[in-house]
Amino acid sequence: MPENAINQACQTNQLFALVDVNNFYVSCERVFAPKLEDVPMVVLSNNDGCAVARSAEVKALGVKMGTPWFQMKDLAQQHGIQAYSSNYTLYGDMSGRVVEVLRKFTPNLEVYSIDESFLAIETVLKQYANPTSLGQIIKQDVKDSTGLPVCVGIGASKTLAKLANHLAKKHPQFTGVCDISSMAKEALYQWMAETAVGEVWGIGGKTAKKLKELKINSVFDLVQTSPQSMRQQFGVVIERICYELRGVSCLQLEEVAPAKQQIISSRSFGKPVSSMDELAESVATHAARGAEKLRSQKSVTGALTIFVQTNPHKPFEPQHHQSITVVLSDPSDNTLTLTSAALKGLRQIYKAGFKYKKAGVILNLLADKPTMQQSLFDDMEVKGKSAGLMKALDSINSRFGNAAIKTAAAGTKQDWQMRSGNKSPNYTTQWDELPVAR
DNA sequence: TCTGGGGTCCTAGGACCC
DNA sequence: TCTGGGGTCCTAGGACCC
């Protein structure tokens with residue numbers, strides 16, 4: 001196999017379990033309102049725009065993910081579909097509880113999304129009769145502890161675990177747990193032949209269509225083709241999927257979530273917005289939210305993109321999709337810095353006379369927030385001299401706010417008091433005690 | 001007529017995921 | 001009347017350099 005196709009050395013004896021909550025948002029609502037059990041229901045997105053979660057009954061009616069609520073109102077009336085506004089705080093809390101339960105089984109766990117986790121189970125397997133029984137115990141434990149129903153898929157690669165989870169959800173005979181790794185080859189190929197290629201994790205609509213033109217319709221068809229030829233036609237991503245489906249694990253568990261490379265804050269407006277004032281309020285709020293997210297992951301941003309959009313669903317109204325990127329002279333996580341930069345950008349792209357539907361801010365060029373001392377040395381032009389140090393301190397003071405000067409001050413306490421009008425710093429350090437500059 | 005060659009960096013856009 | 005809000009990775013092509 002081509003070396004660069006595979007990120008990591010292929011390891012044998014790996015076994016992944018994917019635990020996925022059924023109809024997560026709907027199930028969360030039902031935990032707190034048991035009367036909703038068996039009632040057809042959806043949870044709606046922001047502004048109650050479209051369905052972002054559907055109960056099994058609603059899925060059976062053929063309602064697709066993301067269907068606008070207004071389009072399904074007739075159907076809702078016919079079948080008594082209940083609609084709920086989303087409550088992301090609740091869902092986040094429930095998600096945390098599920099992960100807590102899963103961690104009891106293994107610490108080697110990747111929280112993949114709000115309702116899905118991958119578990120590395122090969123090391124804990126010997127405590128159980130077989131992978132399926134482990135899966136059943138997990139399923140029962142989550143149900144008992146949180147009230148949420150899950151399905152468990154088990155396989156030698158993440159992609160196979162995903163596929164197994166899909167089978168567990170679709171076919172009642174698995175009773176919620178499907179272990180592909182223990183299946184006889186003939187049985188597995190049978191399931192693969194019955195599953196459309198578009199169901200594979202990473203194969204979306206466009207790729208599925210292209211594959212169909214090549215007479216690759218089922219998962220089995222894809223497994224039969226050579227990964228190398230898939231690479232030529234579709235690139236490394238699909239090649240990797242081919243290997244994964246053959247049980248060669250290419251995607252490893254990511255136990256610690258890597259820091260985000262980009263932070264987005266955006267919202268659609270409930271009704272169209274035209275005035276600069278309203279847009280400014282929205283954009284400033286998004287910048288402030290972004291700053292919060294930045295600080296919580298201890299990052300700073302070097303550039304922010306501000307965008308405003310009219311309603312693309314109304315093609316006969318004048319359209320205005322505009323964005324601008326503002327580069328900061330100094331990377332920052334400061335709310336005031338970010339909001340004023342965002343407003344500066346907005347002023348340049350705003351045009352009166354349009355009905356805006358959406359606005360947002362994207363934070364780019366994220367980097368780790370420098371520590372006080374790193375920043376000190378970065379800023380110093382004159383090293384080893386007190387004057388240089390004080391200059392650097394001034395710069396830090398302006399960058400980090402007034403608290404900074406209290407935690408790093410040069411010279412003896414007496415020196416400092418003399419220079420700063422006898423105000424005592426909380427903490428002083430001798431110049432000699434500072435680490436050597438790089 | 002013919003029109004180096006290789007490398008890097010950056011960006012926009014596509015495709016996908018939940 | 002009414003249409004979500006996040007993210008990731010990969011690729012192609014242009015600018016630029018030697």
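This structure is a prediction, so every number in the text was calculated from the model and none was measured. Naming: A, B, ... by sequence-line order, numbering from 1 per chain.
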Nearest whole Å is fine: how far is C/dT1 P from A/E317 CD? 11 Å

C/dC2 P sits how many Å from A/K358 NZ, rounded? 16 Å

Flag the pair A/E213 and A/K206 as a salt bridge only when some basic side-chain nitrogen lies within less than 4.0 angstrom of an acidic carboxylate oxygen. no

Over 12 non-hydrogen atoms of neighbours within 6.0 angstrom of CD in A/Q77: no

Could you list the residues that satisfy ring-ring contact (aromatic ring centres under 6.0 Å, His included) with A/F220, not counting sequence neighbours? A/Y189

Counting heavy atoms from C-beta on, name the nucleotide in C/dC10, C/dG4, C/dG6 closest to the side chain of A/N46. C/dG4

Describe, in one word, how the ring planes of A/Y91 and A/Y25 are oriented to each other, choosing from parallel (under 30°), tilted (30 to 60°) and perpendicular (over 60°). parallel

So which nucleotide from C/dC10, C/dT3, B/dC18 ends up closest to the side chain of A/K162? B/dC18

Give the rounded distance in Å between these two atoms: CD of A/Q322 and P of B/dA12. 12 Å

For residues 352-360 of chain A, please give each side-chain donor-acceptor pair under 3.5 Å, one per line with the distance, not counting sequence neighbours.
residue, atom, partner, partner atom, Å
A/Y356, OH, A/K351, N, 3.3
A/Y356, OH, A/K351, O, 3.0
A/K357, NZ, A/F269, O, 2.8

Does a salt bridge link A/D368 with A/K298, judged by any charged N lying under 4.0 Å from a carboxylate O? no

Mind checking A/K271 for me? I need base, sugar-phosphate or nothing, with any heavy atom below 4.0 Å counting as a touch. nothing

I'd like to know if A/E244 and A/K162 make a salt bridge, using a cut-off of under 4.0 Å between side-chain N and carboxylate O. no

What's the CD-P distance between A/Q297 and C/dG7, to the nearest Å? 9 Å

Classify the ring geometry of A/H171 against A/W191: parallel below 30°, tilted from 30° to 60°, perpendicular beyond 60°. tilted

For A/I324 and B/dA12, give me the distance from atom CD1 to atom P, rounded to whole Å. 12 Å

Does a side-chain N or O from A/S268 land closer than 4.0 Å to OP1 or OP2 of C/dG5, or not? yes

Return no unless some side-chain N or O of A/R240 is found under 4.0 Å from OP1 or OP2 of C/dC9. no

Mind listing the residues from residues 197-213 of chain A sitting with a heavy atom below 4.0 Å of DNA chain B? Number order is fine. A/V200, A/W201, A/G202, A/I203, A/G204, A/G205, A/K206, A/T207

Between A/W69 and A/K293, who's closer to the 5' end of DNA chain C by nearest nucleotide? A/W69

Using side chain to side chain donor-acceptor pair (under 3.5 Å), reason through A/S27 and A/N22 one step at a time and then give a plain yes or no. CA-CA 7 Å; A/S27 298; A/N22 307 341; over 6 Å; no

Atom CD of A/E254 and atom P of C/dT8: how far apart are they, to the nearest Å? 11 Å

Round to a whole Å and report the spacing from NZ of A/K158 to C1' of B/dC17. 12 Å

Should A/D141 and A/K104 count as an ion pair when the cut-off is N to O under 4.0 Å? yes

Among C/dT3, C/dT8, C/dG6, find the nucleotide with the atom closest to the side chain of A/Q261. C/dT8

How about A/S268 and A/Q309: does a side-chain donor come under 3.5 Å of a side-chain acceptor? no

Taking the nucleotide of DNA chain C with the nearest heavy atom to each, does A/F70 or A/Q262 sit closer to the 5' end? A/F70

Looking only at side-chain N and O atoms, does A/S323 offer a donor or acceptor that is under 3.5 Å from a partner on A/T305? no

Distance in angstrom units between A/L365 CG and B/dT11 P, rounded: 8 Å

Which nucleotide, C/dT3, C/dG5, C/dC9, lies nearest any side-chain atom of A/S266? C/dG5

Say you pick atom C1' in C/dG4 and the same atom in B/dC17; how far apart are they, in whole Å? 15 Å

Strictly below 4.0 Å, heavy-atom distances to any atom of DNA chain B: list the hits from residues 87-121 of chain A, or just say none. A/Y112, A/S113, A/D115, A/E116

Mind checking A/S265 for me? I need base, sugar-phosphate or nothing, with any heavy atom below 4.0 Å counting as a touch. sugar-phosphate

With sequence neighbours left out, the residues meeting ring-ring contact (aromatic ring centres under 6.0 Å, His included) with A/W69 are none

Base, sugar-phosphate, or nothing for A/L44, non-hydrogen atoms under 4.0 angstrom? nothing

Could you spell out the base pairing of DNA chain C as a dot-bracket line? Use Watson-Crick and G-U wobble contacts where both distances are under 3.5 Å, [ ] for crossing pairs, | for partners on a different strand. ....||||||||||||||

Per atom distances to the A/K314 side chain, the nearest of C/dT1, C/dG4, C/dG6 is C/dT1

